[in-house]
Protein chains: 2
Amino acid sequence: MKNNSKAEPQCSRCGIEYAFKRIGGKYKARILWNLKTGDQLRFGELLRTLPDVSTKMLTQALRELEIDNLIIRKVYHQVPPKVEYTLTESGRELLPFFKHLDDWASSQMANEVSSLDNE
Amino acid sequence: MKNNSKAEPQCSRCGIEYAFKRIGGKYKARILWNLKTGDQLRFGELLRTLPDVSTKMLTQALRELEIDNLIIRKVYHQVPPKVEYTLTESGRELLPFFKHLDDWASSQMANEVSSLDNE
DNA sequence: CTGTATCCGGAGTGATACTG
DNA sequence: CAGTATCACTCCGGATACAG
């Protein structure tokens, strides 16, 4: 549990740092982005959506997102367990950012293939 | 450098993934954000700006940002060496998004302290 | 189905010393 | 001043097994 409820003291202009601690993980951004439709997704659905994630990492990312109040974890106490995740209000506020970032990435990728660049 | 117009591997909606590979590191976003003023910054200045970064990590992040065409590395061949970093056009296109993120973070932080939530 | 616990290899990172 | 090289170490993250 690495949640720091304390506000950052020194770096008032570094909300960037604050933000990236919350969405900067390897999977967090994609999880949020996959929830953008507004529908709730189940654990297994998210697992299938992110090809390279394991249950452990997904659980961990989900927990942290929940702690940071970006997603809501809704548990159905049924015999086949069922858990659904949805964006919170704060999480939804991030969507325009992701949208623009997605657009930026598209233009960058288009630009890359036209020039000679690879990783 | 022949290119097919559709170079997307499998995840066309995951420009997010592409973007975060470029700006999602621990320091990259803050480096770019610190260059937002449009001024060029020297290596040592960046080092002082990011409190928790070592020369090795800073160099590495800077190299990757340069490779990804987000910053420009200008070297002055002088007896006291001098290197300045500036944003490229692509890098500057990211600024509005960081701004948005920064605003979001500010409201989140304000919300956190006012709601006084702990475990 | 939705997780949790554990092991373990390797990638990421820091400190230090050194170079041009 | 602006890096590079090396070593040592932490810890991320995958695989597996297991629990509710």
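Throughout, protein chains are lettered first and strands after them, A, B, ... in sequence-line order, and every chain is numbered starting at 1.
- For the pair A/Leu41 CG and C/dC1 P, the interatomic distance rounds to 16 Å; values are reported in whole Å.
- OP1 or OP2 of C/dG3 has at least one side-chain nitrogen or oxygen of A/Arg73 nearer than 4.0 Å.
- In this structure, B/Leu50 atom CG and D/dA2 atom C1' are separated by 16 Å, rounded to whole Å.
- With C/dT16, C/dT4, C/dT13 as the choices, the nucleotide that has an atom nearest any side-chain atom of B/Met57 turns out to be C/dT13.
- Distance from the side chain of A/Ser54 is smallest for D/dG14 among the nucleotides C/dT2, C/dT16, D/dG14.
- For the pair B/Lys56 NZ and C/dA15 C1', the computed distance is 9 Å after rounding to whole Å.
- Computed from coordinates, the B/Asp52 CG to C/dG12 C1' distance equals 14 Å when rounded to whole Å.
- Along DNA chain D, the nucleotide nearest A/Val79 and the nucleotide nearest A/Lys26 are compared for position; the residue whose nucleotide lies closer to the 5' end is A/Lys26.
- Whole-Å rounding puts the B/Glu45 CD to D/dC1 P distance at 11 Å.
- Residues A/Leu94 and B/Leu101 form a side-chain contact, since some pair of their non-hydrogen atoms from C-beta on lies under 4.5 Å apart.
- No side-chain donor-acceptor contact under 3.5 Å links B/Gln40 and B/Tyr85.
- Ring geometry for A/Trp33 versus A/Phe98: interplanar angle over 60°, hence perpendicular rather than tilted (30 to 60°).
- A cation-pi arrangement is not found for B/Arg22 relative to B/Phe20, the charged atom failing to lie both closer than 6.0 Å to the ring centre and inside a 45° cone about the ring normal.
- Residue B/Leu62 contributes atom CG, which lies 11 Å from atom P of D/dA2 at whole-angstrom precision.
- The phosphate of C/dC1 (OP1 or OP2) has no side-chain N or O of A/Arg42 nearer than 4.0 angstrom.
- What separates CD of B/Gln60 from C1' of D/dT4 is a distance of 13 Å, to the nearest Å.
- A/Pro81 comes within contact range of at least one nucleobase, with a heavy-atom separation under 4.0 Å.
- Distance CG (A/Leu58) to C1' (D/dG13): 13 Å, rounded to an integer number of Å.
- If you find the closest nucleotide of DNA chain C to B/Tyr27 and to A/Phe43, the one lying nearer the 5' end belongs to A/Phe43.
- Ring geometry, A/Phe97 versus B/His100: the interplanar angle exceeds 60°, so the pair is classed perpendicular (tilted spans 30 to 60°).
- Close to C/dT2, at under 4.0 Å from its OP1 or OP2, lies no side-chain N or O of A/Tyr85.
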